[in-house]
Amino acid sequence: MNTKPIRYGLSLCTALVLSASLSACQTPHPTSKPTMPNTTINNTANKQHFKVGDTFSIQLRSNPTTGYRWQLVEPFDKTRLEKVGNHYQADANPNRMVGVGGTEIWTFKALKSGQAQIQLHYVRSWEKQEPPAQVANYQIEID
């Protein structure tokens with residue numbers, strides 16, 4: 001029996017899976033420059049206050065190797081807040097261990113005075129019927 005095509009097929013599949021896994025964990029290209037936030041929010045304990053024009057970021061622990069990612073929940077008040085962008089930043093990993101997590105950074109800009117809410121769910125995209133593993137709610141007051 002000739003096993004060469006089978007070994008080639010398995011090697012190709014392994015390379016494709018590895019490539020897809022690594023690309024999901026990369027940080028943005030160095031030429032893409034996100035807006036620098038004025039403030040970073042690390043907890044949901046209090047109402048956050050901003051002025052019109054302020055840019056701020058929300059940092060959430062994440063590990064895309066588990067299949068989970070943070071998703072912005074709709075409805076989202078686009079008249080008061082603009083989502084500037086989001087990206088993943090892997091933790092330092094000098095030993096190149098597989099499965100090391102990082103931080104998802106969501107950046108927003110305050111557009112108009114009033115109150116708004118930002119809600120993010122930590123979910124797997126293919127598990128549509130499952131409740132989120134985590135929920136993060138942020139109450140925003142814009143002056």
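Numbers here are sequence positions counted from 1.
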Please round to the nearest 0.5 Å and tell me the distance separating atom [atom1] of [X] and atom [atom2] of [Y].
| X | Y | atom1 | atom2 | answer |
| --- | --- | --- | --- | --- |
| Asn86 | Leu60 | CG | CG | 10.5 Å |
| Ile118 | Lys83 | CD1 | NZ | 11.0 Å |
| Ile105 | Gln59 | CD1 | CD | 4.5 Å |
| Ile142 | Gln48 | CD1 | CD | 12.0 Å |

key: Partners meeting salt bridge (Lys or Arg N to Asp or Glu O under 4.0 Å) with Glu127 (sequence neighbours left out)   = Arg124

query = Would a 4.5 Å heavy-atom cut-off, applied to side chains only, mark Thr103 and Tyr88 as touching?
reply = no

message = Is any side-chain heavy atom of Phe108 closer than 4.5 Å to one of Ser57?
response = no

My understanding is that only residues two or more places apart in sequence, or in another chain, count here; which of them pass side-chain contact (heavy atoms from CB on, under 4.5 Å) with [X]?
| X | value |
| --- | --- |
| Glu141 | Lys47, His49, Gln115, Asp143 |
| Gln119 | Val73, Gln117, His121, Val135, Asn137 |
| Lys112 | Arg80 |

query = Does Ser125 have any side chain to side chain donor-acceptor pair (under 3.5 Å) partners at least two apart in sequence or in another chain, and if so, which?
reply = none

request  = Apply side chain to side chain donor-acceptor pair (under 3.5 Å) to Glu82 and list each qualifying residue two or more places apart in sequence or on a separate chain.
outcome  = none

message = Test of understanding: with ring-ring contact (aromatic ring centres under 6.0 Å, His included), list the residues that count as partners of Trp70, not counting sequence neighbours.
response = Tyr122

query = Pairs in or reaching into residues 90-102: which pass side chain to side chain donor-acceptor pair (under 3.5 Å), with residues at least two apart or in two chains?
reply = Arg61-Asp91

query = Does the Asn63 side chain pair with the main chain of Gly99, one donor and one acceptor, at a distance under 3.5 Å?
reply = yes

ask   = Can any side-chain N or O of Tyr68 pair as donor or acceptor with the backbone N or O of Ser62 at less than 3.5 Å?
value = no

request  = Check the hydrophobic clustering (I, L, V, M, F, W, Y; side-chain heavy atoms under 4.5 Å; chains of links allowed) and say if Ile140 and Leu111 are grouped together.
outcome  = no

query = When clusters are formed by joining ILVMFWY residues with side-chain heavy atoms under 4.5 Å apart, either directly or through shared neighbours, do Val123 and Trp106 land in the same one?
reply = no

query = Got a sec, which pairs hit salt bridge (charged side-chain N to carboxylate O under 4.0 Å, His left out) with one end in residues 101-111, sequence neighbours left out?
reply = Arg69-Glu104

remark   = Here the pair of heavy atoms bringing Asp77 nearest to Ala116 is CB-CB, 4.5 Å

request  = Write down the atom of Phe50, the atom of Ala110, and the distance for their closest heavy-atom approach.
outcome  = CB-CB, 4.4 Å

ask   = Taking the six-membered ring for Trp, are Phe56 and Tyr138 ring centroids under 6.0 Å apart?
value = no

